[in-house]
Amino acid sequence: MYTTDLRTAEEKAKAAALEKLNAKPVQPSDATFQARIDQDEFIEAKDEMPEAYRKTLTRQISQHAHSEIVGMLPEGNWVKRAPSLRRKLILLAKIQDEAGHGLYLYSAAETLGTSRGDMVDALHSGRAKYSTIFNYPTTTWADIGAVGWLVDGAAIVNQIPLCRTSYGPYARAMVRVCKEESFHQRQGFEIMASLAEGTPDQKRMAQDALNRWWWPSIMMFGPADEASTNSEQSMAWKIKRFSNDELRQRFIDQTVPQAEAIGLTIPDPDLKWNKERQSYDFGELNWDEFWAVVRGDGVCNRDRIEARREAYDEGAWVREAAEAYATKQRHVAVAAE
Amino acid sequence: MFTRATEYGVTDNALFEYALGLGDTALVLGQRMAEWLGKAPSMELDIAASNFSLDLVGQAQLFLEYAGEVEGEGRSDDDLSFLRDAMFFRNLLIVEQPNRDWGVTMVRHFLVSSFLVLQYEALASSKDERLAGIAAKALKEMQYHRRFSREWVVRLACGTDEGMKRITRGFDTLWRFTGEMFELADFEANLVNGGIAVDVRSLEAPWTTAVDDLLAECGIEKPTALQMITGRYLGHHTEHLGHILCDMQYMQRAYPGAKW
């Protein structure tokens, strides 16, 4: 997911060692803090909070922001080539929403004491992660449908509970983000639906996109619960309210009937309705691939970061000129006083 | 019911060409602004560029939809956008010029939006109610584009030497395409006489004043051009338009007849 802990085992160990080294004596507010959480109070920016809570949230929210910003690239890949004016307008508006979400989330993360500049630096230098899903290529127009339907669909399943996450600024950002995401999901599904009832070429394009995006989409929810080390503390702090596996199951259960409704086939031979559980059973996920993509070996990892860096570097003179101009204006204003 | 131009003694074809010109200019500029998506100097500017693109493609949709109706051969806004070759495009050549960098893009946007504001202002009182309606809506959008791009030209030119260099380059490279904005085609004369179209020649003076004012504020010498480059109504474009169309029309060309 946009927010799943994507640090590799080594990175987590390193961070834990550092934390131990820098650990302050037990913070007296810890018990009080947990009590507030247990009473479902929102924690606000100026409230006392354990350092680890602050760090976990900063990582999660900034990773979420990075995902929105990097996520603009695979979809932006099709803006110039959108097949109708209406589709072009919808896609433009959607990507613009994502830029807005990114800004919104960076602001939420800034309330925890890290500047947007530092967070962007972390992304460009590879220290920060973003959702693995955006390291897959959008090679056909149907991918724009699949991304909206599956990727945004998965994001909604993950983010609706985040509207009640314990950190107030994050929860409030999520309320707004979720509203827009559900429009994104619908437009993606609508693209897929019209392809599925189109010419044989269009239908093939839609099925091919589903084949490529299905597994990466359900992997977005992160490692299986037994392999997810960070979840327990996040659950106790109510940053996270449902486990990776619970959310994954929820997404699969709601998406399979949608695929059936438009006549597309989920590419999982083990997918079967389980009457007893009232849920779908599904096949093994390829976690080796997941971690390979996290580590940088996806088709597009290098392209994505390179594109962000290039945009940032090529825009440096613009930001410098704007800054210099603002300074000059301030001087003029001061001199006039 | 809206007032049709034919009631004013001009041919449907002239009005068709005229509406195409308005639509194509908005469409091509919108496509150019969309190229900034994910690449702008900051996230805020990314959002601004996509806003501009949304406005312009939206305007294009309205003008081209109307052009299709006027033509009366069943062509939709999409047919006109995606299934015409470059020689049938009627956009101003300046809007097909490459983005280059944020400075050149802002100069282009100022030069064009200053013109479009004047044109839409006048067109809003056209006797063709349909054109008047679209222009009135688009006018509000373009006033913001003009203000935004003007502010950025000043900010960059007066900010640093590098900014000044790039803004100056923008004016120098684009100046030769500005003359076309004020060129009245033969077929347009009838539309002007009928109170349908805008006499663009009358817009040159107020446009020049606005541009001179900006150049003076930035301390940039007014560019000169030995020859203004024109050709849109002959279907004579610069090399850039063909490439824009390659991207824009790719899907409709690759899958003829498919619905999206």
Side-chain angles (χ1 to χ4, degrees), chain A residues 65 68-89 91-93 95-100 102-103 106 116 120 140-141 191 194-195 197-199 201-202 205 304 307-308 310-312 314-329, chain B residues 27 30-51 53-54 57-58 60-61 64-65 76-78 80-82 101-103 106 152 154-167 244 246-252 254-255 257-260:
Chain A
E68 297 282 356
I69 296 301
V70 175
M72 294 168 68
L73 298 170
E75 296 188 300
N77 184 35
W78 280 91
V79 162
K80 286 197 288 174
R81 293 178 292 168
S84 73
L85 295 181
R86 179 173 162 264
R87 293 287 180 205
K88 191 191 291 288
L89 287 167
L91 185 59
L92 267 166
I95 301 172
Q96 190 183 46
D97 282 350
E98 274 144 20
L103 279 179
Y106 281 124
R116 179 166 125 192
V120 169
T140 73
W141 169 250
I191 290 176
S194 34
L195 292 175
E197 64 181 24
T199 64
D201 274 346
Q202 285 176 304
M205 190 191 285
R304 300 293 184 238
R308 286 310 314 160
E310 216 174 275
Y312 193 77
E314 283 178 10
W317 73 271
V318 175
R319 296 189 304 274
E320 278 159 24
E323 184 58 36
Y325 181 72
T327 309
K328 285 180 195 172
Q329 291 306 101
Chain B
L27 180 61
Q31 183 80 358
R32 276 291 187 222
M33 286 314 274
E35 289 174 19
W36 277 108
L37 221 146
K39 297 188 182 127
S42 73
M43 286 168 235
E44 286 82 356
L45 295 182
D46 223 298
I47 292 177
S50 53
N51 246 333
S53 187
L54 274 169
V57 176
Q61 202 177 20
L64 294 177
E65 187 187 13
S76 67
D77 49 346
D78 280 343
L80 290 170
S81 302
F82 299 104
D101 60 33
W102 188 252
M106 285 298 102
W152 269 99
V154 172
R155 196 173 282 135
L156 296 174
C158 303
T160 57
D161 292 345
E162 180 68 19
M164 177 59 99
K165 198 178 89 191
R166 292 182 189 240
I167 290 295
I244 293 175
C246 281
D247 277 331
M248 192 173 79
Q249 301 183 336
Y250 157 63
M251 289 298 290
Q252 295 246 359
Y255 299 92
K259 298 264 177 297
W260 304 95

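Note that this is a predicted model, so its numbers are computed, not measured. Letters go in sequence order (proteins before strands), and every chain restarts at 1. Reckoned from all heavy atoms, side chains included, excluding hydrogens, waters and symmetry mates.
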Next item on the list: Check B/Trp260 against B/Met251 and note the closest heavy-atom contact, atom names and distance.
Entry: CH2-CE, 3.5 Å
Notebook entry, point to check: Checking heavy atoms, do the side chain of B/Asn51, its backbone, both or neither come under 4.5 Å from chain A?
Noted result: both
Item checked: Among the listed options A/Glu320, A/Arg81, A/Lys80, the residue most often paired with chain B at heavy-atom distances under 4.5 Å -> A/Lys80
Next item on the list: Go through the atoms of B/Leu37 and report whether side chain, backbone, both or neither lie under 4.5 Å from a heavy atom of chain A.
Entry: side chain
Item checked: Name of the residue among B/Lys165, B/Arg166, B/Lys39 meeting salt bridge (charged side-chain N to carboxylate O under 4.0 Å, His left out) with B/Asp101 -> B/Arg166
Item checked: Interchain contact, B/Leu45 with chain A, by part (heavy-atom threshold 4.5 Å) -> side chain
Notebook entry, point to check: When rounded to the nearest 0.5 angstrom, what is the spacing between CG in B/Leu156 and OH in A/Tyr325?
Noted result: 10.5 Å
Item checked: Segment of B/Ser81 engaging chain A (4.5 angstrom heavy-atom cut-off) -> side chain
Check: For the residue pair B/Leu54 and A/Gln96, what are the closest heavy atoms and their distance?
Finding: CD1-OE1, 3.4 Å
Check: Given that the side chain runs from C-beta out, which part of A/Ala82 has a heavy atom under 4.5 Å from chain B: side chain, backbone, both or neither?
Finding: backbone
Next item on the list: Using non-hydrogen atoms and a 4.5 Å limit, figure out which bit of A/Lys88 sits close to chain B: side chain, backbone, both or neither.
Entry: side chain
Next item on the list: Among the options A/Ala324, A/Ala321, A/Gly102, A/Ala322, pick out the one with the most heavy-atom pairs lying under 4.5 Å from chain B.
Entry: A/Ala321
Check: Between A/Ile95, A/Ile191, A/Val120, A/Thr199, which residue shows the highest count of heavy-atom pairs closer than 4.5 Å to chain B?
Finding: A/Ile95
Checklist line | Residues, nucleotides or ligands: over 12 heavy atoms within 6.0 Å of A/Lys328 NZ | finding: yes
Item checked: Residue part contacting chain B, namely of A/Gln202, when any heavy atom lies under 4.5 Å -> side chain
Note to self: Give me the atom names and distance for the closest heavy-atom approach of B/Leu80 to B/Leu64.
What the structure shows: CD1-O, 3.4 Å
Note to self: Show the nearest heavy-atom pair for residues A/Val79 and B/Ala34, with the distance to one decimal.
What the structure shows: CG1-CB, 3.6 Å
Check: What heavy-atom pair brings A/Gly71 and A/Glu98 nearest, and what distance separates the two atoms?
Finding: O-OE1, 4.1 Å
Next item on the list: Could you tell me the separation between the CE atom of B/Met106 and the CZ atom of B/Arg155, rounded to the nearest 0.5 Å?
Entry: 10.5 Å
Checklist line | Engaged part of A/Leu73 at the chain B interface, taking heavy atoms whose separation is under 4.5 Å | finding: side chain
Margin query: So which atom in A/Pro74 and which in A/Asn77 form the shortest heavy-atom distance, rounded to 0.1 Å?
Written below: O-CB, 3.2 Å
Check: Relative to chain B, which of A/Asp97, A/Leu103, A/Leu195 shows the most heavy atom pairs under 4.5 Å?
Finding: A/Leu103
Check: What option among A/Pro83, A/Ala316, A/Gly100, A/Ala311 has the most heavy-atom pairs under 4.5 Å with chain B?
Finding: A/Pro83
Check: Which atoms of B/Ala40 come close to chain A, meaning under 4.5 Å heavy atom to heavy atom: side chain ones, backbone ones, both, or neither?
Finding: backbone
Next item on the list: Look up atom CZ in A/Arg308 and atom CE in A/Met72, then write down how far apart they are to the nearest 0.5 Å.
Entry: 7.0 Å
Next item on the list: For chain A, find which of B/Ser50, B/Gly163, B/Ala60 contributes the most heavy-atom pairs closer than 4.5 angstrom.
Entry: B/Ser50
Notebook entry, point to check: Does the ring center of B/Trp102 lie less than 6.0 Å from the ring center of A/Trp317?
Noted result: no
Item checked: Proximal component of B/Trp152, with respect to chain A [non-hydrogen, under 4.5 Å] -> side chain
Check: Who wins among B/Glu35, B/Glu162, B/Gln61 for the most heavy-atom pairs under 4.5 Å with chain A?
Finding: B/Gln61
Notebook entry, point to check: Which one of A/Ile69, A/Leu89, A/Asp201 has the most heavy-atom pairs closer than 4.5 Å to chain B?
Noted result: A/Leu89
Next item on the list: Under 4.5 Å heavy-atom distance to chain A, tell me which part of B/Asp46 shows up: side chain, backbone, both or neither.
Entry: side chain
Next item on the list: Below 4.5 Å from any heavy atom of chain A, which atoms of B/Gln252 appear? Answer side chain, backbone, both or neither.
Entry: side chain
Check: Quick one: of B/Leu27, B/Ile47, B/Val57, who has the most non-hydrogen atom pairs under 4.5 Å with chain A?
Finding: B/Ile47
Item checked: side chain to side chain contact (heavy atoms under 4.5 Å, CB included) assessment of A/Arg87 paired with A/Ser194 -> CA-CA 12 Å; A/Arg87 293 287 180 205; A/Ser194 34; 3.2 Å; yes
